[in-house]
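Quick notes on the structure that follows.
The structure displayed is predicted, hence computed values, not measured ones.
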Amino acid sequence: MTPENPRPRAEPGSFRDPQTRVFYAGGEVLRGLGAQAAQDWKALRASDFFARAQADGSVTATDEVDRELPGEPGTWSATLRHTPIPFVTYPYEWSHAMRQDAARLHLDLLRRALAAGFTMKDGSAYNLQWRGAVPEFIDIGSFEPARPGEPWAGYRQFCQTLLYPLMLQAHLDLDPRPLLRSQIDGVEPAQMRRLFGGTRRLAAGVLKHVHLHDSIQSRNADRSTGAVREQLRDAGFNSELVVAAARAMAKLVDKLDWSPPATHWGDYRETCSYSDDDRAAKARFVDAALDAADRTDLVLDLGANDGVFARQAAAKAGYVVAVEADPAVVDTLYRQLRAEGEKRVLPIVMDLADPSPGGGWAGAERAGFAARAAGADVALALALVHHLAIGRNVPLPAIVEWLAGMGRHVVVEFVHADDPMAKRLLANKPDGLFPDYHVETFVRLLGERFDIARRETLPGGTRTLIAGVRRD
């Protein structure tokens, strides 16, 4: 293979359906289809449903190409090419409103597919990705012609990866992300049943989709999937019932709202120590650093808070990922971006002192954040270092090493120890715990991995901005 035509490599997380697998080749995303999947694709491609889904962007743009893929002869009967997603994220990095919109899109596509004579054999949240604040369904192999009397095969996956997380947040104000992160297949019905006992059983959707679901699953644990489907067909189950069930579930998803609570970080701009002159100087510095970068296809805003600098970066960048630890702040930002139809700024929830690791089979089925961020052109780390160094006791050399993996260009705001925000963090720590926390120490360490291009202390005198270019 030549550099212009590299050998396709398989996506580590695309192996569960033997009829289809995703590959990467250069900047292209390819999908191999087995014999049955290729037949299903031909039927799908000829349908008005698929044409409309492509036109409105609800299903990722796809065409068929003449390309050989790795595998034994005869493994792949057709090859598809998808428009790449700018930055892949996972359900444990989404806010509540993002999960809600992902569930809405999945159910809307299911209803539209059923009306056209198709169904979706999967119901996983991992089949959806984002272009900014707009969800998009990416698993073309999930669509297949519907068979009379067949239930929706993806119901359990939908419950475990979308519906149950929504219920946990809406009904219990319980953040589902730790469960989703630790269990790649999502939240089990039995787990939900233990959480929704007593009067909680009466919460919207719980009796049917948790308790009844768990009971039916337990009763049929020893029966094959084919036997259960045969029983449903004999009982008169038909496509109209599937459509009605999808419609009812969509109404339930709409009810599962969550109002983000007020948080300190939601009011950060009003409570932090910036003056108007500080803000203006900081904005100018960030603009100049972005202008000086040789590429700005992908920018990471690490510790994005309310997204003001992510928005600023989007004016000069191809795509911006705004990473913030506070779920309420991300939810608010996402709702704002959604209202604007923004496709260049993607907000995600993540504690940068505990970023998403690799997960699933062999730890590679879901890539860790560091692996996904490695190709970024610019990383903004504005008013972040003191939270990591003082708030979470991460040594400054380790922070610099981490930043070197986040982007070729970095823009860092170092908050001095005498800044009010740093003092607030230091007040909760033993005296003398951070003797090396000093701007000159940090600049020296940063200079070991980056060529320092610019440095400026804000007018208030307690915050210093540094722009650097990584030495590769």
Side-chain angles (χ1 to χ4, degrees), residues 1-47 49-51 53-54 59-85 88 90 106 109-110 113 116-129 136-147 150 152-154 156-158 161 184-186 224-226 229 358-368 371-372 375:
M1 295 289 177
T2 65
E4 294 78 20
N5 187 25
R7 179 177 175 80
R9 59 181 178 85
E11 157 59 48
S14 175
F15 64 84
R16 297 199 176 200
D17 183 351
Q19 277 290 308
T20 172
R21 185 146 199 193
V22 172
F23 297 84
Y24 302 121
E28 292 188 320
V29 180
L30 306 172
R31 183 185 295 271
L33 301 177
Q36 183 58 56
Q39 289 185 25
D40 295 344
W41 156 250
K42 289 178 181 178
L44 179 69
R45 181 181 57 187
S47 69
F49 155 68
F50 186 70
Q54 293 278 273
V59 173
T60 196
T62 301
D63 60 353
E64 188 170 347
V65 294
D66 183 14
R67 196 76 53 83
E68 287 191 13
L69 297 175
E72 295 297 322
T75 300
W76 309 119
S77 299
T79 302
L80 306 183
R81 178 175 58 195
H82 305 307
T83 299
I85 296 295
V88 171
Y90 303 125
H106 204 128
L109 284 171
L110 175 62
F118 293 88
T119 188
M120 299 163 75
K121 59 185 177 183
D122 304 299
S124 173
Y126 293 98
N127 289 345
L128 295 118
Q129 286 296 329
E136 185 173 300
F137 191 84
I138 62 169
D139 188 9
I140 300 298
S142 181
F143 295 105
E144 63 180 3
R147 293 182 290 273
E150 288 286 322
W152 178 30
R156 177 177 177 175
Q157 285 183 326
F158 182 87
T161 61
I184 194 168
D185 292 326
S224 69
T225 301
R229 288 177 175 172
W361 171 246
E365 192 174 351
R366 302 288 176 251
R372 287 174 280 148

If you compare all heavy atoms of P8 against all heavy atoms of P70, which two are closest, and at what distance to 0.1 Å?
O-CG, 3.4 Å

Set of residues satisfying ring pair (Phe, Tyr, Trp, His ring centres under 6.0 Å) with respect to Y90, sequence neighbours excluded
Y92

Nearest non-hydrogen partners of V59 and E136, listed with the distance
C-CG, 4.2 Å

Any carboxylate oxygen within less than 4.0 angstrom of a Lys/Arg side-chain nitrogen, looking at D40 and K121?
no

Would you mind reporting whether T119 and L110 have side-chain heavy atoms less than 4.5 Å apart?
yes

So, taking the atom named CG in L44 and the one named CD in Q39, what distance separates them when rounded to the nearest 0.5 Å?
13.5 Å

Are F50 and F118, when compared by the centres of their aromatic rings, separated by less than 6.0 Å?
no

Taking the side chain from S77 and the backbone from A38, do they hold a donor-acceptor pair closer than 3.5 Å?
no

Over all heavy atoms of both residues, which pair between T60 and T83 is shortest? Give the atoms and the distance, please.
OG1-O, 3.5 Å

Mind listing the closest non-hydrogen atom pair of L69 and R31 along with its distance?
CD1-C, 4.0 Å

Would you confirm whether Q19, through its side chain, and A37, through its main-chain N or O, come within 3.5 Å as a donor-acceptor pair?
yes

Would you say F143 and M120 make side-chain contact, with heavy atoms under 4.5 Å?
yes

Atom pair CG (D139) and CG (L109), whose distance is rounded to the nearest 0.5 Å:
11.5 Å

Measuring from atom CD of E64 to atom CZ of R81, what distance do you get when rounded to the nearest 0.5 angstrom?
11.0 Å

Say you draw a straight line from CD1 of I140 to CG of N127; how long is it, rounded to the nearest 0.5 Å?
10.0 Å

If you compare all heavy atoms of F49 against all heavy atoms of A116, which two are closest, and at what distance to 0.1 Å?
CB-CB, 3.6 Å

R366: which residues meet the side-chain hydrogen bond (donor to acceptor under 3.5 Å, both in side chains) condition with it, sequence neighbours left out?
none

Can any side-chain N or O of R372 pair as donor or acceptor with the backbone N or O of V88 at less than 3.5 Å?
yes

d(E365 CD, E11 CD) to nearest 0.5 Å is 9.0 Å

Please walk me through it: do T62 and W41 pass side-chain contact (heavy atoms from CB on, under 4.5 Å)?
CA-CA 11 Å; T62 301; W41 156 250; 4.0 Å; yes

The ring pair (Phe, Tyr, Trp, His ring centres under 6.0 Å) partners of Y126 (sequence neighbours excluded) come to none

How far apart are the C-alpha atoms of H82 and I138, what are their side-chain angles, what is the distance that settles it, and do they pass the side-chain contact (heavy atoms from CB on, under 4.5 Å) test?
CA-CA 8 Å; H82 305 307; I138 62 169; over 6 Å; no

CD of E68 to CZ of F23, rounded to nearest 0.5 Å, is 12.0 Å

Heavy-atom closest pair (F137 atom, S142 atom, distance to 0.1 Å) is CZ-CB, 3.9 Å

State, with a plain yes or no, whether a side-chain heavy atom of Y24 is found less than 4.5 Å away from one of V29.
yes

Student check: side-chain heavy atoms of E144 and Q36 closer than 4.5 Å:
no

